Amino acid sequence: MTDARDQRPAEATLDFLRSAFPPEWREPALGHEAVAAWEQENRVVLPEPYRTFIAEVANGSSLGPAGDGGLQPLGWLPDTWPYLGPRQPGEPFPLEATWSWEDEQGVDPEDPRINAAFTKPHSPRGPSFSEPRTDRPSGSC
């Protein structure tokens with residue numbers, strides 16, 4: 001993992017994000033230590049201002065596309081998405097050329113390109129943020 005964090009966003013940017021997500025619609029912020037732990041576990045550095053948003057403002061919100069459950073908490077997937085195993089955000093994206101599978105007829109859901117983009121071996125360390133959700137975070141509608 002390379003540690004190339006962007007600078008903290010301007011306070012005006014954070015104020016705008018706070019105003020876009022009223023407190024009653026926010027999931028609790030994670031704090032910088034929890035975000036850093038998630039980054040370490042997943043071998044990524046999240047971009048700013050998203051990193052500070054989930055650390056200080058909200059780790060998700062019910063506001064957003066209703067079909068997807070709003071702005072999802074860090075590492076979570078919408079309930080409507082299929083579970084394809086643990087995510088691997090720290091791995092290089094496996095596709096090297098454009099591939100619009102949505103336009104192809106009869107795309108095999110077991111195509112190795114799909115699996116390569118979404119799965120990794122299960123960790124012996126136990127559950128991670130990316131495992132299927134069994135509940136909604138507190139405050140969700």
Side-chain angles (χ1 to χ4, degrees), residues 1-104 106-141:
M1 173 177 104
T2 59
D3 192 355
R5 289 184 174 82
D6 297 330
Q7 289 185 353
R8 178 182 169 78
E11 200 59 37
T13 300
L14 293 174
D15 287 342
F16 171 77
L17 291 170
R18 287 182 192 102
S19 71
F21 295 93
E24 63 271 18
W25 291 96
R26 296 180 199 164
E27 298 301 334
L30 292 177
H32 287 281
E33 285 185 20
V35 172
W38 189 91
E39 290 175 321
Q40 178 83 23
E41 179 181 333
N42 289 280
R43 299 185 330 251
V44 298
V45 175
L46 298 171
E48 290 291 357
Y50 178 66
R51 183 176 203 283
T52 298
F53 175 78
I54 61 172
E56 297 181 15
V57 179
N59 182 31
S61 171
S62 296
L63 295 175
D68 289 337
L71 178 62
Q72 298 293 302
L74 178 63
W76 289 29
L77 298 174
D79 294 333
T80 57
W81 288 21
Y83 178 66
L84 300 174
R87 308 308 251 181
Q88 53 182 8
E91 296 296 320
F93 195 70
L95 302 180
E96 297 174 1
T98 302
W99 178 42
S100 299
W101 62 85
E102 295 95 347
D103 298 331
E104 288 185 22
V107 173
D108 179 4
E110 297 299 318
D111 187 306
R113 294 176 291 182
I114 295 172
N115 288 337
F118 293 110
T119 61
K120 69 178 179 180
H122 289 279
S123 169
R125 294 178 296 175
S128 70
F129 281 104
S130 58
E131 296 200 1
R133 293 167 49 175
T134 57
D135 64 340
R136 300 289 302 174
S138 63
S140 292
C141 293

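Everything numeric here is computed off the predicted structure, so don't read it as measured data.
- Heavy-atom contacts from other residues, nucleotides or ligands closer than 6.0 Å to CZ of F16 number 12 or fewer.
- Atoms CG and CD, on N42 and Q40 in that order, are 10.0 Å from each other to the nearest 0.5 Å.
- Between the side chain of S61 and the backbone N or O of W25, at least one donor-acceptor pair lies under 3.5 Å.
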request  = Mind running side chain to side chain contact (heavy atoms under 4.5 Å, CB included) on I54 and W38 for me, showing each step along the way?
outcome  = CA-CA 11 Å; I54 61 172; W38 189 91; over 6 Å; no
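- The shortest distance between side-chain heavy atoms of L14 and R8 falls below 4.5 Å.
- When atom types are taken as modelled, the side chain of R51 and the backbone of V45 share no donor-acceptor pair closer than 3.5 angstrom.
- A search for side-chain hydrogen bond (donor to acceptor under 3.5 Å, both in side chains) contacts involving E11 returns R18, not counting sequence neighbours.
- Taken to the nearest 0.5 Å, the CG atom of L30 stands 10.5 Å off from the CZ atom of F53.
- Side chains of T52 and E48: a donor-acceptor N/O pair is present below 3.5 angstrom, by distance only.
- A donor-acceptor distance shorter than 3.5 angstrom exists from the side chain of E39 to the backbone of L46, with no hydrogens or angles considered.
- When all heavy atoms are compared, the tightest approach of A58 to A29 is N-CB, 4.0 Å.
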